[in-house]
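What you see is a predicted model; the values in this text were computed from it and never measured. Note on naming: letters A, B, ... go to the chains in the order of the sequence lines (proteins, then strands), and numbering restarts at 1 for each one. For the numbers below, each heavy atom of this structure counts, side chains included, while hydrogens, waters and symmetry mates do not.
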2 protein chains.
Amino acid sequence: MAPTPQILTAERILEATEEVLRRHGPAKATVVDVARALGVSHGSVYRHFRTKAALREAVTKRWLDRTSESLSAIVAEDRDPEARLRDWFSALFAAKRRKAGDDPELFATYMVLTDENGDAVGEHIADLVGQLRRIVEAGVAAGTFTADDPGTTARALFHASRRFHDPRYAPEWEQPGTEDDFQAVVDLLLRGLKA
Amino acid sequence: MAPTPQILTAERILEATEEVLRRHGPAKATVVDVARALGVSHGSVYRHFRTKAALREAVTKRWLDRTSESLSAIVAEDRDPEARLRDWFSALFAAKRRKAGDDPELFATYMVLTDENGDAVGEHIADLVGQLRRIVEAGVAAGTFTADDPGTTARALFHASRRFHDPRYAPEWEQPGTEDDFQAVVDLLLRGLKA
DNA sequence: CAGCTGACAGATATTGAAATCTGTCAGCTG
DNA sequence: CAGCTGACAGATTTCAATATCTGTCAGCTG
């Protein structure tokens with residue numbers, strides 16, 4: 001058979017772009033590199049993405065969506081909302097900490113991308129806050145949580161836990177005592193939430 | 001009288017350095033500039049500060065200490081701990097937001113300095129957490145707060161409110177809804193703290 | 001003729017030589 | 001002679017020339 005003469009698709013370009021970003025880092029990853037990795041001219045890439053910025057934004061969205069999806073399973077479970085909320089926070093923190101620790105360079109690359117794409121990050125945050133709101137609403141319905149406005153409470157929960165999922169704090173996540181600090185914040189927030 | 005032939009002191013050097021930083025920004029403020037502002041040679045500055053980094057660290061500490069001092073008055077008051085805690089958070093947030101809003105360039109300058117001087121920032125945070133601990137202890141003593149370990153609880157309060165005092169979030173402080181988000185977080189934390 | 005190529009203009013990044021700065025210290029000065 | 005100066009070496013920054021990249025588009029190709 002011929003050496004995989006696949007047609008060029010947005011999906012394939014995104015995969016190649018991730019690979020190029022992983023290899024060269026955010027500062028040196030060029031559209032020409034992506035085209036070369038795909039064996040096409042860089043003009044072809046511009047047929048699928050209007051600009052380099054649009055291409056990088058699409059990569060960023062894909063990456064953020066992967067995090068959201070892994071957490072949505074916890075939201076969908078049919079369990080005690082308090083336990084789900086604890087698990088959700090733990091899963092979010094563990095996922096972020098693992099990404100930052102396992103491959104610091106790749107994590108730094110995605111930090112640059114998220115800095116560039118405030119809109120995509122805003123959507124991602126709205127998504128996560130929406131997940132929190134669903135858990136809070138379940139708790140209110142079950143009578144275990146008190147919340148005048150679950151949306152406002154969900155935002156408060158998100159903001160109050162930023163120290164443990166905002167990538168800007170990543171360097172502090174491996175310091176001793178961080179796990180205790182995390183538990184103390186979650187405990188305090190859950191106490192405040194109880195009916 | 002002669003044109004103020006004052007003797008050279010660490011204090012005068014620090015004042016001149018602040019002025020130079022204000023004028024030229026952190027990237028272009030040199031030791032030579034500071035010496036020129038004082039009418040001395042740059043060698044004299046090195047008599048009082050071993051390195052440029054030490055000079056900048058001293059400026060950073062002075063600046064951070066001013067914030068701590070303005071808050072310590074609230075800690076020392078003889079009032080309901082819950083009200084003091086609310087006022088303390090409000091004062092901290094208001095002070096930070098005012099600094100960031102009134103003179104964004106100077107604020108950016110101090111962001112660079114704090115990035116450079118992690119140790120000074122660490123001490124400052126320990127100082128603020130200590131103030132929180134004193135308020136929590138007062139609340140526990142008065143029977144209005146519950147806290148197994150006031151030190152841990154104070155750390156949790158600090159971390160949970162970072163969205164509203166960590167300068168890295170300054171760009172978000174002027175967005176609409178921020179005041180509501182702040183109140184929601186403080187309300188949630190105080191609910192969690194109540195006996 | 002849909003999809004791709006590659007040459008091109010303007011924008012951005014790299015590079016290396018020149019300029020400036022940091023930190024030291026022998027000697028000056030009041 | 002305590003405190004300051006200013007020349008100096010090595011480190012860092014600046015700047016302008018050069019190279020590379022982005023985004024377009026007329027035309028090629030299967």
Side-chain angles (χ1 to χ4, degrees), chain A residues 1-60 105 108-109 111-113 115-117 120, chain B residues 1-60 105 108-109 111-113 115-117 120:
Chain A
M1 61 184 78
T4 54
Q6 309 171 17
I7 57 160
L8 190 59
T9 141
E11 183 67 18
R12 283 188 64 220
I13 293 174
L14 288 175
E15 265 156 32
T17 306
E18 285 193 1
E19 178 58 21
V20 168
L21 282 165
R22 198 171 286 124
R23 275 219 160 81
H24 302 313
K28 292 188 181 169
T30 72
V31 177
V32 173
D33 289 331
V34 173
R36 188 168 25 238
L38 289 162
V40 300
S41 82
H42 74 283
S44 302
V45 173
Y46 282 98
R47 176 161 294 282
H48 294 266
F49 296 94
R50 254 201 311 283
T51 64
K52 183 187 186 184
L55 173 56
R56 286 166 80 115
E57 186 185 359
V59 170
T60 308
E105 282 195 38
T109 293
M111 289 250 287
V112 172
L113 290 184
D115 272 357
E116 284 172 10
N117 295 287
Chain B
M1 60 184 83
T4 54
Q6 310 171 16
I7 58 161
L8 190 58
T9 141
E11 182 66 19
R12 282 189 64 221
I13 294 174
L14 288 174
E15 265 156 33
T17 306
E18 284 193 2
E19 178 60 19
V20 169
L21 282 165
R22 198 171 286 123
R23 275 219 160 80
H24 301 311
K28 292 188 181 167
T30 72
V31 176
V32 173
D33 290 331
V34 173
R36 188 170 24 239
L38 289 162
V40 299
S41 83
H42 75 282
S44 300
V45 173
Y46 282 98
R47 174 162 295 282
H48 295 267
F49 296 93
R50 254 200 311 284
T51 64
K52 184 188 186 185
L55 175 56
R56 285 166 81 116
E57 185 184 0
V59 170
T60 309
E105 282 195 37
T109 292
M111 288 251 286
V112 172
L113 290 185
D115 271 357
E116 284 172 8
N117 295 288

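Of the listed residues (B:Val20, B:Thr51, B:Thr17, B:Val45), just one forms a side-chain contact (heavy atoms from CB on, under 4.5 Å) with B:Val31, and that residue is B:Val45.
Distances shown here put a side-chain N or O of A:Ser41 below 4.0 Å from the OP1 or OP2 atom of C:dT5.
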With the criterion being N/O to N/O and under 3.5 Å, what pairs connect the protein with nucleotides 17-23 of chain D, and how long is each?
| unit_1 | atom_1 | unit_2 | atom_2 | d |
| --- | --- | --- | --- | --- |
| D:dT22 | OP1 | A:Val31 | N | 3.2 |
| D:dT22 | OP1 | A:Lys52 | NZ | 3.0 |
| D:dT22 | OP2 | A:Val31 | N | 3.1 |
| D:dG23 | OP2 | A:Tyr46 | OH | 3.0 |
| D:dG23 | OP2 | A:Lys52 | N | 2.6 |
| D:dG23 | N7 | A:His42 | NE2 | 3.3 |
| D:dG23 | O6 | A:His42 | NE2 | 3.0 |

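The CG atom of A:Leu38 sits 13 Å away from the C1' atom of C:dC4 (whole-angstrom rounding).
Salt bridge status for B:Glu19 with B:Arg22: present, with a side-chain N to carboxylate O gap under 4.0 Å.
Summarising the base pairing, C:dC25 is matched to D:dG6 through a Watson-Crick or G-U wobble pair whose two defining distances lie under 3.5 Å. In this structure D:dA19 sits in a base pair with C:dT12, meeting the Watson-Crick or G-U test at under 3.5 Å. In this structure C:dA17 sits in a base pair with D:dT14, meeting the Watson-Crick or G-U test at under 3.5 Å.
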> In B/S/- notation, 5' to 3', how is nucleotides 25-30 of chain D contacted by protein heavy atoms closer than 4.0 Å?
Replying inline: ------
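No side-chain heavy atom of A:Thr109 sits less than 4.5 Å from a side-chain heavy atom of A:Glu105. Contact check for A:Leu38 versus A:Arg12: side-chain heavy atoms found under the 4.5 Å cut-off. Here the side chains of A:Pro26 and A:Glu116 are not in contact, with every heavy-atom distance at 4.5 Å or above.
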